[in-house]
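Heads up, the thing below is written out as structure tokens.
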Amino acid sequence: MRYHRALLPTLKEAPSDATSASHVLLTRAGYVRRVGAGIYSFLPLGLRTLRNIERIVREEMDRAGAQEVLLPALLPSEYFKETGRWDLFGDTLLRLKDRKGGDYHLGPTHEEIITDLARREIRSYRDLPKNLYQVQAKFRDEPRPRGGLLRGREFIMKDAYSFDVDETRAFESYEAMRQAYVRIFDRMGLDYRLVSADSGAMGGSKSAEFQVLVQSGEDFIAACPSCEFAANLEVASPPAPAPGSPAADLPAPEKVHTPGHGSIEAVAGFLGASPRQFLKSLVYLAGKELVLVIVRGDHDVNELKLARALGVDEVFLASAADVVQATGAQVGFAGPVGFSGRVVIDPDAAAVDDGITGANETDYHLRHVRFGRDFQAEVQPVRMVMAGDPCPSCGAALAIYRGIEGGHIFVLGTHYTAQMNAMYLDEQGNERPIVMGCYGIGISRLVAAIVEQHNDDNGIRWPAAVAPYPVHIVQLGTSQEVVDAVARLEQELTAAGLEPLVDDRDERPGVKFKDADLIGLPLRITVGERGLKDGNVELKPRTEPNPKNAQAVPLADATRVVVAELRALTGPRANAGSP
RNA sequence: CGGGGCGUAGCGCAGUUUGGUAGCGCGCACGGUUCGGGUCCGUGAGGUCGGCAGUUCGAAUCUGCCCGCCCCGACCA
């Protein structure tokens with residue numbers, strides 16, 4: 001591709017609304033343009049990158065035995081009404097009416113549509129298994145689109161749906177998809193973790209997320225630096241506390257005046273104590289009940305676990321007024337001693353031998369408080385895992401990462417097929433529901449996720465497997481010698497299947513180098529009179545920061561060397577970065 | 001939905017407090033200059049100041065309503 005013919009509008013300054021690294025760089029380097037909140041156009045380079053990701057996904061899906069279909073984005077409401085998701089999705093569903101006033105929506109996901117296809121076309125165990133996938137735009141009216149391509153309202157997604165005769169077979173399909181996903185994410189040069197997820201709302205029985213580790217990620221992941229363990233922070237279980245040896249002579253609780261010191265830090269500073277000695281007491285609203293929840297002072301409550309422990313869907317931190325009503329004191333002075341309602345305590349807090357906690361009286365705390373002696377409570381693990389907790393599988397200290405969900409694999413069971421009456425006849429002639437799985441990959445999101453992991457101060461550094469072009473030729477000057485050398489290189493590389501981007505613009509060298517770094521193609525070849533004097537061109541991988549380390553290569557050998565370099569770059573996980 | 005902020009040329013911003021001529025940088029066009037890491041000089045084009053209504057002799061600036069966008073939170077099969 002000749003630069004002077006390409007639509008490749010690079011910018012010195014990023015639009016002010018761009019926050020994440022990927023958003024800034026993809027915009028500045030001319031890959032995407034924003035059309036509306038969470039809505040983007042892909043420019044030629046952006047589309048080529050997207051296509052490369054799609055190609056890898058298709059290759060691995062096909063290799064795993066899946067077949068591609070294309071389902072509509074515009075959907076009549078009847079399908080989602082059938083499963084109740086017309087209402088469940090709420091405002092996230094982008095709804096519209098046709099000219100006759102009929103209800104339609106744009107598809108946020110396609111379980112119903114594919115299940116409808118299955119119930120019409122799959123009748124017998126002989127028709128199973130099947131795995132169907134599609135790549136297309138999905139629409140969700142997100143409450144808050146953000147991070148450019150990371151969370152959009154229109155986005156490109158690959159989703160696959162497997163259909164099997166029973167759970168055992170469904171798990172086999174799931175496992176095949178898991179392996180395909182590992183290959184996909186490896187090939188794209190992503191640093192990611194496979195984390196077990198919460199299958200709650202989908203009614204599924206097994207699921208895992210492929211979390212790409214990036215600073216701007218929305219999810220928190222507890223992962224082990226020395227083994228494969230990783231879990232969503234929400235579902236990770238903290239280790240049981242080491243049993244302590246309680247002091248025999250702990251004095252009775254003593255009220256201390258702590259005027260104006262409500263937070264743990266403030267009281268700890270005031271009393272010269274460690275947060276670990278505190279019984280952090282929080283009032284939660286669970287349904288209509290106010291519950292006092294106690295975790296150790298340096299811990300945080302895991303609200304998902306708390307809700308489960310209390311048997312409700314959701315819990316909310318009580319309002320200040322509710323706290324006053326429940327404890328008789330201002331916020332900051334709640335405690336379990338003398339509290340009349342339900343009390344839940346985390347095992348780590350229960351193990352605190354000589355604790356400090358609120359006195360349920362404004363401006364007063366209690367010290368020398370011990371669970372069991374001074375108050376009673378239900379012991380339930382309700383704290384969040386934190387960095388430094390031991391890994392449950394190998395014991396090393398866990399680290400907390402931020403991640404963005406790049407893929408999600410799911411065994412759905414018969415959740416949709418039973419509701420929609422998608423049945424098959426087994427060998428005995430019995431009618432049974434088809435067992436489903438679903439498997440998504442956020443294709444457009446991965447464009448951004450890859451950039452999040454592969455960039456430096458100067459721009460993008462594409463892994464070779466997804467780069468829009470493999471080679472960036474920087475033509476310096478317009479002498480016949482240079483022009484001829486560039487033309488020769490372009491021709492040879494194209495013949496080798498490696499079409500280069502050729503910067504033939506009438507620009508100063510500095511401009512061309514800056515743009516080449518910004519655009520981020522894996523290899524750069526500089527062709528100028530200086531090198532050609534000795535018959536050489538200069539080759540530099542984008543990952544090499546120092547231009548002086550460019551490799552002088554005889555023009556006649558350049559194509560061969562490029563081919564070899566790229567082969568090295570596209571090896572398995574060759575481009576894997578670190579978080 | 002709660003809290004905060006923004007909307008002025010293609011992009012980044014000043015001007016709004018205290019009403020009166022709409023400005024700067026980048027980019028763009030033209031001329032010259034320069035030419036291996038975003039040259040330098042000059043000339044020029046380009047703006048319904050988010051929209052509507054109001055106050056006023058006069059509104060980017062004051063008032064009201066509306067729209068859009070960004071950030072934090074809530075939310076996120």
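Below, read A as the first sequence line, B as the second, and so on, with proteins coming before strands; counting in each chain starts at 1.
Base pairing of rG7(B): its partner is rC67(B), meeting the Watson-Crick or G-U wobble criterion (both donor-acceptor distances under 3.5 Å). Under the Watson-Crick or G-U wobble criterion, with both distances below 3.5 Å, rC30(B) is paired with rG42(B).
Within the 4.0 angstrom heavy-atom criterion, base atoms lie near Pro547(A).
The only option from Val502(A), Asp515(A), Val474(A) that meets the side-chain contact (heavy atoms from CB on, under 4.5 Å) definition with Tyr3(A) turns out to be Asp515(A). Under the side-chain hydrogen bond (donor to acceptor under 3.5 Å, both in side chains) rule, Asp504(A) has a single partner from His4(A), Gln475(A), Lys512(A), Arg5(A), which is His4(A).
Smallest separation of non-hydrogen atoms from Ala318(A) and Asp322(A): CB-CB, 3.8 Å.
In this model, a side-chain donor or acceptor of Arg524(A) finds a partner on the base of rG37(B) within 3.5 Å. A donor N or O paired with an acceptor N or O is not found under 3.5 Å between the base of rC70(B) and the side-chain atoms of Arg146(A).
Using a 4.0 Å cut-off, some side-chain N or O of Arg508(A) falls inside it from OP1 or OP2 of rU39(B). Using a 4.0 Å cut-off, some side-chain N or O of Thr19(A) falls inside it from OP1 or OP2 of rC71(B).
Judged by the 6.0 Å distance and 45° axis criteria, Arg34(A) is not positioned over the aromatic ring of Tyr40(A).
A salt bridge is defined here as a Lys NZ or Arg NE, NH1 or NH2 lying under 4.0 Å from an Asp or Glu carboxylate O, and Arg178(A) with Glu175(A) meets this definition. A salt bridge between Asp103(A) and Arg95(A) is absent, with no side-chain N of the basic residue lying under 4.0 Å from a carboxylate O of the acidic one.
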Between the protein and nucleotides 25-32 of chain B, list every N/O to N/O distance that falls short of 3.5 Å.
unit_1	atom_1	unit_2	atom_2	d
rG25(B)	N2	Glu13(A)	OE1	3.1
rC26(B)	O3'	Lys12(A)	NZ	3.3
rG27(B)	OP1	Lys12(A)	NZ	3.2

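Ranking rG36(B), rG37(B), rC69(B) by closeness to the Lys514(A) side chain, first place goes to rG37(B). For Pro15(A), the side-chain atoms get nearest to rC11(B) when compared with the rest of rC11(B), rG36(B), rC76(B).
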